[in-house]
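Please read the structure below before turning to the comments.
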Amino acid sequence: MSATDARAAPGAFQSALLSWYDRHARVLPWRVPPGSEERADPYRVWLSEVMLQQTVVKAAIPYFEAFTMRWPTVENLAAAPDEDILAAWAGLGYYARARNLIACARTVAEMGGFPDTEEGLRALPGLGPYTSASIAAIAFGRPATVVDGNIERVMARLFMVETPLPAAKPDLRAAADLLTPRERPGDYAQALMDLGAVICRPKAPTCLTCPVADFCEARGNAPERLPRKQPKQAKPVRHGLAYWAESRGKLLIVRRPPKGLLGGMAALPASDFTDSPPRLGDGAPFTAKWHRTGRTIDHVFTHFRLRLEIVKAKTSLANGPGEWVPLDRLEEAGLPTLFRKAVKTMLAAR
DNA sequence: AAGACGGGGGG
DNA sequence: CCCCCAGTCTT
């Protein structure tokens, strides 16, 4: 009944996992089939892995399809205007990723291609330990140790690591490192990620169909409670004002400052987001008689909740601190979800 | 070492 | 409604 220690028999563990992957690999638009002779395109691997940072596969797929349709190569992407790329990223979140994506594409185009080692990749903007290892393994066949949240969960259960995250990270990485094969490292990394996503799920893992259950110490020991995590703190509520400035059927859209929250993104003019409600006019794009609309948007960011009140004014301005976008073309403005919600609410009220 | 940084899906 | 998920960069 006791589990076989995978660290003592890494070859057996790898074989069990890879043969499962050969039969059950998820079909994803950036993948080549398991055991394929052809290697995956580094551009597509990079783009998908950056999109998958902090993001579930299902959310990333339509963005990946749109990006690769529009920009089939890293050179195409590097040549595109910032605003086009940011607009295409709108709704996917963590916009620093998009800013780094742009910088990375231009660096790579300049270099004449992606570096083919983990160290070389790690030096590029937006590529940390996870992404550089995954590209090195998947696109270049390097035996890099790939550790994402899925793999941390699998390791914590395989070896019954009771230490809570993030303190357990070094141990989980060491375990993953011992199991990483020299052969088929890309398939192996993707197999581990598929296992975490499909079998060794956060809640209700399906151990009955797990190809490596024989190696798992947590099997039958409530695996769903692992990995343990430090309790998270409650999100404070912040308040903000957004300004609906309408002129002859057009709405004023501004560009947010390049860094910070929603940095570089198209937006409605807005106040800072503060602990207590801002004064009417704080952050307004111009002086006007701003009226409360009674419409508010509740939106959750990573570390706070936002209550955004929308105020409006009619104007006849034809220029201003932004761009006037026709009301029926706001879908193309590249607004992130917060402001997309605001637009939807305001247009529904008409 | 800790905080900043989105959004979607499930119970 | 609250819960969960989860890499990189900055400070």
Side-chain angles (χ1 to χ4, degrees), chain A residues 45-63 86 88-104 118 121-135 144-156 164-170 172-173 176 189 192-193 196-198 200-205 224-238 240 256-267 272-273 297-308 334-342 344:
Chain A
V45 175
W46 163 72
L47 182 62
S48 67
E49 291 297 348
V50 172
M51 286 181 171
L52 290 168
Q53 291 167 7
Q54 305 288 100
T55 304
V56 294
V57 165
K58 190 181 170 202
I61 287 175
Y63 286 87
L86 292 172
W89 195 276
L92 200 51
Y94 286 103
Y95 298 98
R97 292 184 298 170
R99 303 194 295 270
N100 286 327
L101 189 86
I102 294 168
C104 186
E118 187 177 2
L121 290 159
R122 181 67 179 83
L124 294 169
L127 301 201
Y130 164 71
T131 313
S132 48
S134 63
I135 300 170
T145 299
V146 180
V147 183
D148 71 348
N150 281 312
I151 295 174
E152 283 185 341
R153 182 169 60 254
V154 171
M155 294 300 142
L165 287 170
K169 280 178 179 284
L172 299 174
R173 164 165 288 277
L192 223 37
M193 292 189 264
V198 175
C200 200
R201 303 177 297 197
K203 290 175 283 191
E224 66 282 353
R225 71 199 165 79
L226 297 173
R228 295 170 59 183
K229 305 206 167 180
Q230 288 294 348
K232 52 207 68 173
Q233 56 198 32
K235 296 179 193 232
V237 178
R238 292 191 191 167
R256 289 178 65 85
K259 295 189 175 192
L261 189 72
L262 308 175
M265 299 301 291
D272 289 341
F273 303 151
I297 300 298
D298 290 304
H299 190 72
V300 183
F301 289 100
T302 309
H303 55 297
F304 66 93
R305 297 163 185 285
L306 176 66
R307 167 146 279 201
L308 184 71
L335 295 170
T337 300
L338 170 66
F339 297 112
R340 202 131 44 171
K341 285 183 187 174
K344 185 177 178 199

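In what follows, every chain begins at residue 1, and chains take the letters A, B, ... in the order their sequences are listed.
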What interatomic distance, in whole Å, is found between P of B:dG6 and the corresponding atom of C:dT11?
15 Å
Inter-residue atom distance A:Phe273.CZ - A:Leu308.CG, 0.5 Å rounding
5.5 Å
Looking at CD of A:Glu49 and CG of A:Leu121, how far apart are the two atoms once the value is rounded to the nearest 0.5 Å?
11.5 Å
Check step by step if side chain to side chain donor-acceptor pair (under 3.5 Å) holds for A:Thr55 and A:Tyr94.
CA-CA 9 Å; A:Thr55 304; A:Tyr94 286 103; over 6 Å; no
Sticking with atom P, work out how far B:dC5 lies from C:dC5, rounded to a whole angstrom.
22 Å
In Å, rounded to the nearest 0.5 Å, how long is the span from CG of A:Asn100 to OG1 of A:Thr131?
10.5 Å
Using a heavy-atom cut-off of 4.0 Å across all strands, would you classify A:Lys229 as base, sugar-phosphate, or nothing?
sugar-phosphate
Rounded off to whole Å, could you give me the CD-to-P distance for the A:Gln230 and B:dA1 pair?
13 Å
Between C:dA6 atom P and A:Tyr130 atom OH, what is the distance in whole Å?
11 Å
Without decimals, in angstroms, what is the distance between A:Leu127 CG and C:dC9 C1'?
12 Å
Is it true that A:Arg153 and A:Asn150 share a donor-acceptor pair across their side chains at a distance under 3.5 Å?
yes
Rounding to an integer number of Å, can you tell me how far A:Glu224 CD sits from C:dC5 C1'?
17 Å
Distance, P atom - from C:dA6 to B:dG11, rounded to whole angstrom:
16 Å
Which of the following nucleotides, C:dC2, C:dC9, C:dG7, is nearest to the side chain of A:Arg305?
C:dC2
Nearest-Å distance, CG (A:Leu124) to C1' (C:dG7)?
16 Å
A:Arg173 atom CZ is separated from C:dG7 atom C1', nearest whole Å, by 12 Å
Under 4.0 angstrom, heavy atoms only, what part of the nucleic acid is A:Arg340 near: base, sugar-phosphate, or nothing?
nothing
Give a yes or no on whether the ring-centroid distance for A:His303 and A:Phe301 is below 6.0 angstrom.
no
Which letters describe nucleotides 3-11 of chain B, given B = protein heavy atom under 4.0 Å from base, S = only from sugar-phosphate, - = neither?
-SBBBSS--
Roughly how far, to the nearest 0.5 Å, is the CG atom of A:Leu262 from the CG atom of A:Leu338?
6.5 Å
Between CE on residue A:Met51 and OH on residue A:Tyr63, distance to nearest 0.5 Å:
9.0 Å
Could you tell me how far apart A:Asn150 (CG) and C:dC4 (P) are, to the nearest whole angstrom?
17 Å
Working to the nearest 0.5 angstrom, can you tell me the gap between A:Leu226 CG and A:Leu165 CG?
10.0 Å
Dot-bracket notation for DNA chain B, counting Watson-Crick and G-U pairs under 3.5 Å, with | for partners on another strand
|||||.|||||
Euclidean distance for P, C:dC9 against B:dG8 (whole angstrom):
24 Å
